[in-house]
Amino acid sequence: VQLQASGGGLVQAGGSLRLSCTVSGRPRTLGTWGVGWFRQAPGLVREFIATIAWNGGNTYYADPVKGRFTVSRDEAKNIVSLQMNNLKPEDTAVYYCAVDRTWTYLSRRPGQYDFWGQGTQVTVSS
């Protein structure tokens with residue numbers, strides 16, 4: 001399984017970005033797979049942002065991004081997207097997507113995820 005994250009960049013506070021995570025190599029029968037988004041700022045631990053179940057599309061968000069970020073998936077294209085609106089300087093970080101093969105609504109810790117993308121930088125200027 002390989003994940004490719006893209007869409008990061010530099011944006012002013014209040015602006016928007018849309019990140020994409022392309023998942024390749026997954027088996028046809030996904031069972032309880034899910035995809036999560038995390039971020040890591042310099043000197044800080046990797047932080048959970050949002051997660052989505054591949055089957056059914058249930059989503060969960062961390063409190064700092066609720067109402068601003070939306071995670072969605074395109075099953076036909078094997079892409080999971082993270083729409084980020086009303087960005088703030090504190091959202092600046094490297095953003096990662098990851099796959100949990102035994103996803104539940106509690107899949108919010110990095111250690112629960114099996115495969116990771118390479119990360120994409122998001123910088124929000126004030």
Side-chain angles (χ1 to χ4, degrees):
V1 176
Q2 293 184 327
L3 293 85
Q4 179 74 37
S6 61
L10 173 64
V11 64
Q12 289 187 332
S16 299
L17 281 175
R18 186 177 182 87
L19 305 184
S20 295
C21 178
T22 302
V23 182
S24 60
R26 65 176 180 85
R28 282 189 173 184
T29 303
L30 293 173
T32 58
W33 280 44
V35 176
W37 284 97
F38 294 79
R39 67 186 181 189
Q40 189 166 16
L44 299 180
V45 299
R46 194 161 294 189
E47 175 188 22
F48 167 76
I49 295 301
T51 189
I52 184 168
W54 197 271
N55 290 331
N58 290 340
T59 58
Y60 296 93
Y61 299 90
D63 287 342
V65 306
K66 280 181 180 177
R68 300 190 297 125
F69 291 12
T70 302
V71 62
S72 61
R73 85 241 187 269
D74 184 328
E75 293 179 87
K77 296 181 179 179
N78 293 339
I79 293 176
V80 174
S81 298
L82 183 69
Q83 178 66 41
M84 305 186 295
N85 297 328
N86 190 22
L87 283 161
K88 304 176 181 180
E90 52 263 43
D91 293 319
T92 295
V94 177
Y95 283 68
Y96 299 89
C97 59
V99 161
D100 179 357
R101 292 177 293 177
T102 56
W103 187 93
T104 73
Y105 75 98
L106 295 175
S107 294
R108 305 173 195 181
R109 292 184 288 108
Q112 294 173 286
Y113 285 77
D114 305 294
F115 305 102
W116 290 82
Q118 84 289 0
T120 184
Q121 176 71 46
V122 171
T123 303
V124 184
S125 63
S126 57

request  = Any chance you could lay out the side chain to side chain contact (heavy atoms under 4.5 Å, CB included) test for Leu3 and Val99, step after step, and finish with the verdict?
outcome  = CA-CA 8 Å; Leu3 293 85; Val99 161; 3.8 Å; yes
task = Measure across Thr123 and Gln121 and return the closest heavy-atom pair with its distance rounded to 0.1 Å.
result = OG1-NE2, 3.3 Å
ask   = Does Val122 reach the side chain of Leu19, with side-chain heavy atoms less than 4.5 Å apart?
value = yes
ask   = Can Thr51 and Trp103 be counted as having a side-chain donor-acceptor contact under 3.5 angstrom?
value = yes
ask   = Do Tyr61 and Thr70 come close enough that some side-chain heavy atom pair is under 4.5 Å?
value = yes
ask   = Looking only at heavy atoms, which two atoms of Pro89 and Ala13 are closest? And how far apart?
value = CD-CB, 4.1 Å
Contacts table for residues 38-49: side-chain donor-acceptor under 3.5 angstrom, sequence neighbours left out:
from	atom 1	to	atom 2	distance (Å)
Arg39	NE	Glu47	OE1	2.8
Arg39	NH1	Asp91	OD1	2.8
Arg39	NH1	Tyr95	OH	2.9
Gln40	OE1	Arg46	NE	3.1
Gln40	OE1	Arg46	NH2	3.2
Gln40	NE2	Leu44	O	3.1

request  = Keeping the roles fixed (side chain from Thr120, backbone from Gly8), state whether a donor-acceptor pair exists under 3.5 Å.
outcome  = yes
ask   = Considering residues at least two apart in sequence or located in another chain, which fulfil the side chain to side chain donor-acceptor pair (under 3.5 Å) criterion with Thr102?
value = Asp100
note = In short, Trp33 meets Val1 closest at the heavy-atom pair CH2-CG2, 3.4 Å
query = With no hydrogens and no angle check, is any side-chain donor or acceptor of Asp114 less than 3.5 Å from a backbone partner on Arg101?
reply = yes
message = Rounded to the nearest 0.5 Å, what separates atom CG in Asn55 from atom CD in Glu75?
response = 6.5 Å
task = Enumerate the residue pairs fulfilling disulfide (SG to SG under 2.5 Å) with a member in residues 54-124, sequence neighbours excluded, ordered by first and then second residue.
result = Cys21-Cys97
inquiry  = Taking the side chain as everything from C-beta on, heavy atoms only, tell me whether Ser16 gets closer than 4.5 Å to Arg68.
reply    = no
ask   = Can you get from Val94 to Tyr113 by hopping between Ile, Leu, Val, Met, Phe, Trp and Tyr side chains that sit under 4.5 Å apart?
value = yes
key: Smallest separation among heavy atoms of Leu82 and Ala50, with atom names   = CD1-CB, 4.3 Å
query = Should Glu90 and Ser126 be marked as a side chain to side chain contact (heavy atoms under 4.5 Å, CB included) after you check the CA-CA gap, both sets of side-chain angles, and the distance that decides it?
reply = CA-CA 10 Å; Glu90 52 263 43; Ser126 57; over 6 Å; no
query = Is the backbone of Tyr105 close enough, under 3.5 Å, to the side chain of Arg108 for a donor and an acceptor to pair up by distance?
reply = yes
task = Would you check if the side chain of Gln83 reaches a backbone N or O of Val71 as a donor-acceptor pair within less than 3.5 Å?
result = no
key: Closest approach of Trp54 to Val23 (non-hydrogen atoms, all atoms of both residues)   = CZ3-CG2, 4.4 Å
